[in-house]
Amino acid sequence: MTKKTRTRFAPSPTGFLHIGGARTALFNWLFARHSGGQFVLRIEDTDQTRSTDESTRAILDAMSWLGLDCDEGPHFQAQRVDLHREMVRKLIAEGKAYYCTCTAEELEAKRKAALAAGKKPKYDGTCRNKDLKKSAGSVVRFRGAQTGITIVEDLIKGNITFNNDELDDLIIERGDGYPTYNFAVVIDDALMNITHVIRGDDHVNNTPRQILLYQALGFAVPKFAHVPMILGSDKARLSKRHGATSVMAYKEMGFLPEALVNYLVRLGWAHGDQEIFSLQELIDLFSLDAVGKSPAVFNPEKLLWLNAHYIKGAKITRLAEEMKPLWPEGAKNADPEFTQKVIADMQPRAKTLLEMTTLADFYFVESINYANEAGQKFLLPEVLQHLKDIAEKLPALPDFSKAGIENFLKTFGEERNIKLKIIAQPLRVALTGKTVSPGIDEVMVTLGKDRVIKRINDAVRFIETRAKA
RNA sequence: GGUCCCAUCGUCUAGCGGUUAGGACGCUGGCCUCUCACGCCGGAAACCGGGGUUCAAACCCCCGUGGGACUACCA
């Protein structure tokens, strides 16, 4: 029987969850779900100076917003240092690691000198055979193999061969007694029975050292899969310079989590020509074979398109819930039923929830402010009488539904032999203050008869006032 | 500098020796239409270069070139 698949996502809590991390998490999560395995979350907080609880919370929030639930964790690496230290002692006892008293300053100087001389800046082995004892500020180094090769069998990139002499004696325990990343990650992945390490390909160069560590410790080496980076529009690694990179910033901008997930999964992974995937489809279809080797540029336009797609398909009640924090003050306390109608009107024409709230501002105001050009261009004396007549006839209209209004306007136009076109824009401006809006009939139904009549009368007054001036 | 990775439309990608090189975003022409959006129909747009291997190369190999990552007592 084969071991149950276990993947993990291991962010360091030194900031929010960013787009790249989210995709790594997503791939791990999908791979685990697809194979009926488990997904473990581990917070790598051994850097005491940079890690914060705040970041941990932010990461957890973002994961849960995306729907990436874990089966285990979060584990905290810093709480496992006893384990790490025990392994350090073991390696020292076996002669596979040694104490080193070279100071950071000395090392830095040597590194610079080597670089200046055009040589490789690796540790020169000063303390390698000194058989030093532990002392204040001493670090522990892994005694690496200096000959032979190490092959990383990568599920995405294929086999990658490294000469062991390229690998120097890396520090596994710092002067402050905490383990370094390359060591802790090996111990934890091994002890947590992680079977597949799926992570960013910025880690490929660390992998041979880690493999050597697994072997020195007597652990089974897991499978590795290195996912290519996500780049910004200038092809450099995605960073704040390129705009929003925090997952939660997308929530605040009015994106739906399924849109982000769908977008992210298509960065590097494909299933034929399919673009739209439900979460269940992703779980069924996801595989590492279909993950590409080359880096991908983050394209906000496509994300927007997907978001619009998911907004169109979402239930109104759900959108209403998601949009609660996004409304401006004036609309926040509106009648929920009214708000839902507004959302229904805007739903097919917005790319983000935030955009919906902005576009829908006119529904909630007491009286309309005509947009600069709109009032001047469409609220003209020529249409004055039409607007007056409509305002006059509306109270008697029995069926104030979309169909009823449509029919009313049609008849109205036929009676006086004018095209709907003639009256539509003025009416739109009267009702919304803009030249662009949802359909007149939709707006009227949502607004309700009373508000519609009031707004038309306001427009009538506006035209009369301007005519006098 | 060294090590490693990568290379199909502007972007995300399909392609896994024989295709009119397909789809999607974006751009664009048209239709629909009360504006906008949606939707529908059409268009422009790509195999980085050079050598091999082969009857045949976007696909395999080599060399260039270009990008990226790593090179910490960060993760």
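It should be emphasised that the depicted structure is a prediction, and the values quoted were computed from it without experimental measurement. By convention in this document, chain letters (A, B, ...) are assigned in the order of the sequence lines, proteins followed by strands, and residues within each chain are numbered from 1.
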A:Arg128 vs A:Gln146, test: side-chain hydrogen bond (donor to acceptor under 3.5 Å, both in side chains). Steps then yes/no.
CA-CA 12 Å; A:Arg128 193 170 219 246; A:Gln146 290 174 303; 2.9 Å; yes
Are A:Gln48 and A:Asp176 close enough, and set up right, to give a side-chain hydrogen bond (donor to acceptor under 3.5 Å, both in side chains), and what steps lead you there?
CA-CA 10 Å; A:Gln48 299 287 292; A:Asp176 64 4; over 6 Å; no
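Side-chain contact annotation: A:Asp47 with A:Thr49, donor-acceptor N/O pair under 3.5 Å present.
Cation-pi geometry between A:Arg416 and A:Phe412 is satisfied (NZ or CZ under 6.0 Å from the ring centre, within 45° of the ring normal).
Nucleotide B:A75 holds its C1' atom 14 Å from the CD atom of A:Gln48, rounded to whole Å. The interatomic distance linking A:Tyr99 (OH) with B:C73 (C1') rounds to 15 Å, in whole Å. With rounding to whole Å, A:Lys110 atom NZ is found 13 Å from B:C73 atom P. B:G2 atom C1' lies 7 Å from atom CD of A:Glu166, rounded to whole Å.
For A:Lys120, whose side chain is taken as the heavy atoms from C-beta onward, the closest listed nucleotide among B:G22, B:G2, B:G26 is B:G2.
Proximity of A:Lys293 to the phosphate of B:C5: no side-chain N or O atom is located under 4.0 Å from OP1 or OP2. Side-chain N/O atoms of A:Lys235 include one lying less than 4.0 angstrom from OP1 or OP2 on B:U11.
The pairing partner recorded for B:C25 is B:G10, the criterion being a Watson-Crick or G-U wobble arrangement whose two distances lie under 3.5 angstrom.
Residue A:Gly268 is in sugar-phosphate contact alone, with no base atom involved, counting any heavy-atom pair closer than 4.0 Å across all strands shown.
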